[in-house]
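These notes concern the structure reproduced below.
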Amino acid sequence: MRPVRVRFAPSPTGALHIGGVRTALYNYLLAKKTNGTMILRIEDTDQTRFVPGAEEYIIQALEWVGIKTDEGVLQGGPHAPYRQSERKSIYKQYAQKLVDDGNAYYAFDSEEELEAMRNRLKATGSVHQQYSATTRMMMDNSLTLPESEVEQKLKSGVPYVIRLKVPDSEEIELHDLIRGEVKVHSSQVDDKVLMKSDGMPTYHLANVVDDYLMQVTHVIRGEEWLPSAPLHVLLYRYLGWEKQMPRFAHLPLLLKPDGNGKLSKRDADQAGFPIFPLNWTDPKTGELAKGFRESGYLPDALLNFLAFLGWNPGTEQELFSLHELIEAFTVERIGKAGARFDIHKAQWFNQQYIKAKPDEELAEYLLASLPAGTCSPERAAKICGVLKERVTFTHDFWLQGKFFFEAPASYDEQVISKKWNDDAIKVLTAFSTALAAIPDLTAAVAKTTLEKVTAELGIGTGKILQALRVSVTGAGSGPDLMLSMEILGSSEVVSRINRALSTIKKV
RNA sequence: GGUCCGUUCGUCUAGGGGUUAGGACACCAGAUUUUCAUUCUGGUAACACGGGUUCGAUUCCCGUACGGACUACCA
């Protein structure tokens with residue numbers, strides 16, 4: 001058995017889509033599980049679609065979620081370069097070999113001629129309008145033109161492409177790790193362009209050549225590649241690499257949350273959830289797309305969620321650390337059907353992960369929302385501790401814990417209209433006075449003090465608790481009030497109560 | 001249109017010739033929390049349809065429907 005080598009090979013045409021992250025994750029899991037190698041290769045053969053910053057984005061995104069590559073564009077390796085645009089000459093020689101062996105040919109047809117051919121075929125009611133075994137003899141190529149003319153065109157710099165000569169009647173079979181045997185008749189495969197007129201290879205050629213040269217053992221990629229997989233098989237065969245052909249695993253697609261179709265940025269925007277791991281500003285439009293990170297998701301929660309979209313361990317465990325994921329992962333347990341993207345589940349995972357994280361780590365998220373130096377890490381950790389059971393996103397620590405830093409600017413009107421009465425005012429006044437004598441306030445002391453006050457006044461504690469909360473936090477609900485007061489400190493609580501007492505009108 | 005791939009609760013899925021078809025999310029209800037959230041308990045809810053094969057099919061086979069991907073000198 002060859003050592004496992006997998007690759008994640010995105011195109012730098014924009015931000016890395018969440019589906020791409022999942023593909024990278026499955027590759028990574030297999031690599032780690034087998035002590036294999038994960039390669040990051042950049043497929044930038046389409047110069048017209050190149051987007052500046054996209055490669056950097058992909059690298060940062062992978063880093064954020066915690067998918068580490070072993071070899072590739074970042075750290076180099078024995079098969080460098082890992083950017084396909086820098087491997088141009090390599091592809092050229094293999095394309096040449098295919099031509100020399102009679103498995104590929106030069107084609108000189110212009111765009112207009114191709115268009116005309118398609119229209120012609122459409123008009124005659126032909127099912128396929130492809131450049132294929134049935135049409136190639138009607139076109140301008142090295143199969144139809146006399147050798148001298150071909151040579152002359154080549155020499156004089158007439159633009160050309162190299163096309164694969166697909167056999168006209170042959171059953172092409174391939175074994176997919178997820179789907180089993182897949183058979184496609186060669187008549188359904190067209191004479192795909194291998195080398196473009198700009199001298200760059202197309203995906204098909206570059207992909208096969210690189211996977212072979214980089215000794216890739218498993219090609220784990222999206223299902224959208226399944227239809228062209230037979231073409232790739234042909235390429236391996238013609239290049240004489242059939243024995244080294246990697247195993248294929250075509251992943252089910254990530255689908256829109258409602259309705260059908262591939263998950264797209266539009267759907268995410270519409271439903272109001274992120275689709276990119278990190279914030280992404282489109283350099284063309286300047287439009288900002290919010291990332292999972294910036295939306296308050298934890299990377300390990302996102303990965304756990306993603307892992308379960310199309311894969312499951314067969315047990316009832318759902319919470320998996322990355323390490324556990326590696327242990328449990330097998331390609332065999334990847335499902336066949338597309339998975340709808342349900343952001344609710346992602347939120348649930350996030351909540352679980354936040355709850356499980358130590359307060360000190362959580363504190364960093366809170367601190368990030370605060371001006372530097374406003375709050376000690378210890379205090380932030382304490383605040384996160386009282387908040388973490390009730391938080392879904394990392395920014396909720398700030399949203400829900402704001403009152404720890406700012407005295408209420410307004411008071412919940414509903415609570416006031418219902419609970420701000422004479423009894424409440426009596427208790428709060430007495431409680432404030434009592435607290436003033438207790439500089440080191442703890443939750444327990446706050447509780448006994450309050451109980452003492454209410455007992456003396458003969459008023460039920462429960463009746464005024466809401467009023468107390470509103471005077472201290474401004475809100476009608478929130479984390480444990482006694483603990484909150486402990487964190488706030490005695491003098492702050494006293495001043496807030498007094499301020500409420502003087503500001504809020506009696507009902 | 002053609003080719004290929006797919007189809008178990010609303011969603012992610014387990015299961016697999018004989019099961020009360022299991023779990024999770026979401027949803028609903030109750031309990032806890034003198035708040036809300038959390039938590040706990042319970043509940044609603046699924047084998048797309050039609051033919052075979054079989055003593056028996058949700059499970060195997062075929063077809064239909066539906067969905068998806070692909071059908072570029074994009075990946």
Side-chain angles (χ1 to χ4, degrees), chain A residues 9-13 43-49 84 107 109-111 114 118 122 125-131 159-163 176 178-180 182-185 187-190 192-204 206-207 221-230 250 252-253 255-262 305 308-319 333 335-349 351 355 387-392 396 400 412 415 419 460-466 468-470 473 475-481:
Chain A
S11 268
T13 54
E43 311 222 325
D44 56 348
T45 53
D46 186 357
Q47 293 165 329
T48 62
R49 292 211 308 159
Q84 290 186 327
D109 316 273
S110 69
E111 226 170 283
L114 289 172
R118 287 189 196 110
K122 214 180 259 177
S126 170
V127 270
H128 290 110
Q129 295 105 41
Q130 294 177 321
Y131 210 117
Y160 67 91
V161 299
I162 295 179
R163 286 181 181 272
D176 185 277
I178 294 171
R179 279 146 230 285
V182 177
K183 271 192 233 166
V184 178
H185 195 82
S187 60
Q188 303 301 325
V189 182
D190 63 339
K192 274 271 176 314
V193 169
L194 265 20
M195 286 296 265
K196 302 184 266 189
S197 55
D198 65 358
M200 278 289 193
T202 57
Y203 171 85
H204 307 290
N207 191 260
R221 83 237 285 194
E223 195 185 3
E224 67 267 27
W225 292 109
L226 192 54
S228 52
H250 288 95
L253 263 17
L255 272 17
K256 300 171 194 282
D258 54 330
N260 297 294
K262 233 191 331 192
F305 164 68
F308 271 73
L309 245 34
W311 172 87
N312 78 85
T315 65
E316 289 188 351
Q317 185 184 348
E318 296 217 73
L319 262 14
R333 291 204 64 90
K336 296 182 207 289
R340 297 250 174 88
F341 191 88
D342 182 13
I343 197 67
H344 287 295
K345 194 98 181 205
Q347 287 173 358
W348 177 78
F349 271 109
Q351 199 182 70
K355 245 192 325 194
L387 248 24
K388 75 171 169 185
E389 293 273 302
R390 39 198 314 114
V391 146
T392 302
D396 286 339
Q400 293 186 34
D412 186 300
V415 176
K419 309 276 184 177
T461 313
K463 287 197 172 139
I464 56 84
L465 209 69
Q466 285 277 85
L468 208 211
R469 176 182 291 284
V470 109
T473 72
S477 69
D480 186 280
L481 188 54

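Below, chain A is the first sequence line, B the second, and so on; all start at residue 1.
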For nucleotides B:G23 and B:C9, find the distance between their C1' atoms and express it as a whole number of Å. 12 Å
Any base atoms under 4.0 Å from A:Arg469, or only sugar-phosphate, or nothing? Heavy atoms, all strands. base
Just compare B:U11, B:A75, B:A24 and give me whichever is closest to any side-chain atom of A:Asp342. B:U11
Which one is paired to B:U58, where only Watson-Crick or G-U wobble pairs with both distances under 3.5 angstrom count? none
Roughly how many Å is it from CD in A:Gln317 to C1' in B:U13, rounded to a whole number? 15 Å
Strand partner of B:A14, provided both Watson-Crick or wobble distances fall under 3.5 Å: none
Spell out, as yes or no, whether a donor-acceptor pair under 3.5 Å connects the side chain of A:Asp176 to the backbone of A:His250. yes
Determine the contact category for A:Ser11: base if any of its heavy atoms lies under 4.0 Å from a base atom, sugar-phosphate if only primed atoms, P, OP1 or OP2 are that close, otherwise nothing. sugar-phosphate
Between A:Gln47 and A:Asp198, is there a side-chain heavy-atom distance shorter than 4.5 Å? yes
Identify the nucleotide, in any strand shown, that forms a Watson-Crick or G-U wobble pair with B:U20, with both distances under 3.5 Å; if there is none, say none. none
With a 4.5 Å heavy-atom cut-off, do A:Pro257 and A:Asp342 have their side chains touching? no
In sequence, state the C-alpha distance, the side-chain angles, and the governing distance for A:Asp109 and A:Tyr131, and then conclude on side-chain contact (heavy atoms from CB on, under 4.5 Å). CA-CA 11 Å; A:Asp109 316 273; A:Tyr131 210 117; 2.6 Å; yes
Might you confirm whether atom NZ of A:Lys122 has over 12 heavy atoms from other residues, nucleotides or ligands at distances under 6.0 Å? no
Need to verify one output field. Residue with the more 5' nearest nucleotide on RNA chain B, A:Gly462 or A:Ala339? A:Ala339
Has A:Lys463 got more than 12 heavy atoms of other residues, nucleotides or ligands less than 6.0 Å from its NZ? no
Under 4.0 Å between any heavy atoms, over every strand shown, what does A:Thr45 touch: base, sugar-phosphate, or nothing? Just pick one. sugar-phosphate
Tell me which nucleotide, if any, is Watson-Crick or G-U wobble paired with B:G1 when both distances must be under 3.5 Å. B:U71
Could you check how far CG of A:Asp198 sits from P of B:C73, rounded to whole Å? 12 Å
Pairwise C1' distance, B:G6 and B:U13 [rounded to whole Å]: 15 Å
Worked verdict on A:Glu223 versus A:Arg179 for side-chain contact (heavy atoms from CB on, under 4.5 Å): CA-CA 10 Å; A:Glu223 195 185 3; A:Arg179 279 146 230 285; 3.4 Å; yes
Which part of the nucleic acid, if any, lies within contact of A:Glu111, taking any heavy atom under 4.0 Å across all strands shown: a base, the sugar-phosphate backbone alone, or nothing? nothing
Return no unless some side-chain N or O of A:Lys183 is found under 4.0 Å from OP1 or OP2 of B:U3. no
Assign the ring pair A:Phe308 / A:Phe349 to parallel, tilted or perpendicular, where the plane angle (0 to 90°) is split at 30° and 60°. tilted
Take atom NE2 of A:His185 and atom P of B:U3, then tell me their distance rounded to the nearest Å. 12 Å
On a whole-Å scale, what distance lies between the P atoms belonging to B:A65 and B:G51? 16 Å
Pairwise side-chain contact, A:Lys419 with A:Ile464, heavy-atom cut-off 4.5 Å (strictly under): no
In whole Å, measure the gap between the C1' atoms of B:C12 and B:C55 for me. 37 Å
Return the pairing partner of B:U32 with a 3.5 Å limit on both distances, Watson-Crick or G-U wobble; otherwise return none. none
Look at all strands and tell whether A:Tyr203 reaches a base, only sugar-phosphate, or nothing, counting heavy atoms closer than 4.0 Å. base
Looking only at atom P, what distance separates B:U35 and B:G30, rounded to whole Å? 15 Å
Give a yes or no on whether A:Gln317 atom CD has more than 12 heavy-atom contacts from other residues, nucleotides or ligands under 6.0 Å away. yes
Quick one: A:Met195 CE to B:C74 P, roughly how many Å, whole number? 12 Å
What integer distance in Å separates A:Lys122:NZ from B:G1:P? 14 Å
Identified pairing partner of B:U7, criterion: Watson-Crick or G-U wobble below 3.5 Å: B:A65
P spacing across the pair B:C5 / B:C61, given as an integer number of angstrom: 13 Å
Nearest-Å distance for atom pair NE2/P, residues A:His204 and B:A72: 10 Å
Span that lies between the C1' atom of B:U7 and that of B:U39, in whole angstrom: 37 Å
Output the rounded distance in Å from CD (A:Glu318) to P (B:G22). 16 Å
Indicate, with a heavy-atom threshold strictly under 4.0 Å, whether A:Val161 touches base, sugar-phosphate, or nothing. base
For A:Arg221, report the nucleic acid contact type (base, sugar-phosphate, nothing); a contact means any heavy atom under 4.0 Å. nothing
Within less than 4.0 Å of OP1 or OP2 of B:A14, is there a side-chain N or O belonging to A:Asn312? yes
Kindly indicate whether the side chain of A:Lys345 and the base of B:A26 share any N or O donor-acceptor pair separated by less than 3.5 Å? no
Given the P atoms of B:U44 and B:G22, what is the spacing between them in whole Å? 11 Å
Does A:Trp348 or A:Gly310 map to a spot on RNA chain B nearer the 5' end, using the closest nucleotide for each? A:Gly310
To the side chain of A:Lys336, which of B:C5, B:G6, B:C73 is closest? B:G6
Under 4.0 Å protein heavy-atom contact, by nucleotide of nucleotides 58-69 of chain B - B base, S sugar-phosphate only: ---------SSS
Ignoring backbone atoms, test whether A:Arg49 places a side-chain nitrogen or oxygen under 4.0 Å from the OP1 or OP2 oxygen of B:A75. no
Base, sugar-phosphate alone, or nothing: which one does A:Asp109 contact when heavy atoms must sit under 4.0 Å apart? base
Using a 4.5 Å cut-off on heavy atoms from C-beta on, say whether the side chain of A:Asp46 contacts that of A:Lys196. yes
What nucleotide, of B:U38, B:C25, B:U3, holds the atom closest to the side chain of A:His344? B:C25
Value in whole Å for how far the P atom of B:U35 lies from CD of A:Glu389: 16 Å
Phosphate-side-chain proximity, A:Lys192 and B:U71, N/O vs OP1/OP2 below 4.0 Å: no
Is there a donor and acceptor pair, one atom on the side chain of A:Ser228 and one on the base of B:C70, closer than 3.5 Å? no
